[in-house]
2 protein chains.
Amino acid sequence: MLYLCPMDIVEISKVLSNETRVNILKWLKDPESNFPPHQDIDHFDDGVCVGFIQDKTGLSQSTISTYLTAMQNVDLVIPTRHGKWTYYRRNEKVIETYINSLSKEL
Amino acid sequence: MLYLCPMDIVEISKVLSNETRVNILKWLKDPESNFPPHQDIDHFDDGVCVGFIQDKTGLSQSTISTYLTAMQNVDLVIPTRHGKWTYYRRNEKVIETYINSLSKEL
DNA sequence: TTTATATATCTAGAATAATAGATATGAATT
DNA sequence: AATTCATATCTATTATTCTAGATATATAAA
């Protein structure tokens, strides 16, 4: 079983202390039912493009991009570039490790 | 199994997005080894007094009192007054429910 | 090779959090 | 009842986060 260090736990908690960012993580659990189908790609294997996430939140493009970058910085999500689009998917390993760490540390 | 609503999850995450507050929660898990013995009371059944927690953090009295009040507001800790002192202990039920909720929601 | 599109980054203002000093409250002590 | 002690609350300052508009970049399309 893997655990995060205290600092990483706090950093991830910061990211999760915002309702929009938590929602994004939740939506990415089931892209099929939370987002329209992509055009260039007929699957969600690499996640969801920024524009779809932005549309769903109603916040500005720059805000959502900033959020996703923050989530990526603590490895909660993984970006993949396909042409003009960046797709973001959950990093299940880190999410699980974070919860394990809370269970142990907290 | 009990779960918290999304708003409560975010509010608790906010409290946990600060290293000092996370440390306080951790220290309260094992008061015997983290704090000196109380004078008026020879046990930690109701938790630890504010002064001891303040000493351990090195932050000001008002800051620690504010932190503990914030933790109490989301039910992470339970205060008990004995004479001049307020003792704070962990609310294990809420901590467990928070982790359960993350496991399910996240 | 200009133009359009998607995303990222920069810049800045508004909102919130961190933090401590001063003051208030509540309980014990003198 | 005046004093002391522990904690809480008020007030103010600084630091950080939120958020969006403007701009930059990277890719695709014309």
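Atoms considered below: every heavy atom in the structure, side chains included; atoms not considered: hydrogens, waters and symmetry mates. Lettering of chains follows the sequences in order, A, B, ..., and the numbering in each one begins at 1. Note that the coordinates shown come from a computational prediction; the quantities given were computed from them, not determined experimentally.
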Reckon B:Tyr88 touches a base, only the sugar-phosphate, or nothing at all at heavy-atom distances under 4.0 Å? sugar-phosphate
Of A:Gln61 and A:Asn18, whose nearest nucleotide on DNA chain D comes first from the 5' end? A:Asn18
Which heavy atom of B:Pro79 sits nearest a heavy atom of B:Tyr88, and at what distance? CB-CE2, 3.6 Å
Describe the nucleic acid contact of B:Thr63 in one word from base, sugar-phosphate, nothing, applying a heavy-atom distance below 4.0 Å. base
Assign B:Leu68 to base, sugar-phosphate, or nothing according to its heavy-atom contacts below 4.0 angstrom with the strands shown. nothing
With salt bridge (Lys or Arg N to Asp or Glu O under 4.0 Å) as the criterion, how do A:Lys14 and A:Glu11 come out once you've worked through the C-alpha distance, each side chain's angles and the decisive distance to 0.1 Å? CA-CA 5 Å; A:Lys14 275 185 198 170; A:Glu11 288 310 306; 3.5 Å; yes
Heavy atoms from C-beta onward define the side chain here; which of C:dA18, D:dT17, D:dT9 lies closest to that of B:Ser62? D:dT9
Using the ring of each side chain (for Trp, its six-membered ring), is B:His38 parallel, tilted or perpendicular to B:Phe52, with breaks at 30° and 60°? parallel
Using whole Å, what does the distance between atom P of nucleotide D:dT16 and atom CD of B:Glu19 come to? 14 Å
Looking only at D:dA8, C:dT9, D:dT19, the nucleotide nearest the A:Tyr67 side chain is D:dT19
Euclidean distance, B:Ile12 CD1 relative to B:Ile95 CD1, rounded to 0.5 Å: 9.0 Å
As a quick check of understanding, evaluate side chain to side chain donor-acceptor pair (under 3.5 Å) for A:Asp46 and A:His82, giving each step before the final call. CA-CA 9 Å; A:Asp46 290 320; A:His82 281 291; 2.7 Å; yes
Between D:dT17, C:dT7, D:dT19, spot the one nearest the side chain of A:Thr86, thanks. C:dT7
Walking DNA chain D from its 5' end, the first of B:Thr69 and A:Arg81 to be reached, judged by nearest nucleotide, is B:Thr69
Considering only side-chain heavy atoms of B:Thr66, which listed nucleotide, C:dA8, D:dA6, C:dT19, is closest? C:dT19
How close or far is atom C1' of D:dT27 from atom OH of A:Tyr87, stated in whole angstroms? 12 Å
Could you give the CG-to-P distance, from A:Asp46 to C:dT7, as a whole number of Å? 14 Å
Which whole-number value in Å describes the distance from B:Ile53 CD1 to D:dA6 P? 15 Å
Here the distance between atom P of C:dA18 and atom CG of B:Leu16, to the nearest Å, is 12 Å
In whole angstroms, how far is the C1' atom of C:dA28 from the NZ atom of B:Lys84? 5 Å
Can you tell me the distance, in whole Å, between the CG atom of B:Leu59 and the C1' atom of D:dT7? 16 Å
Distance, rounded to the nearest Å, where B:Ile64 contributes CD1 and D:dA6 contributes P: 16 Å
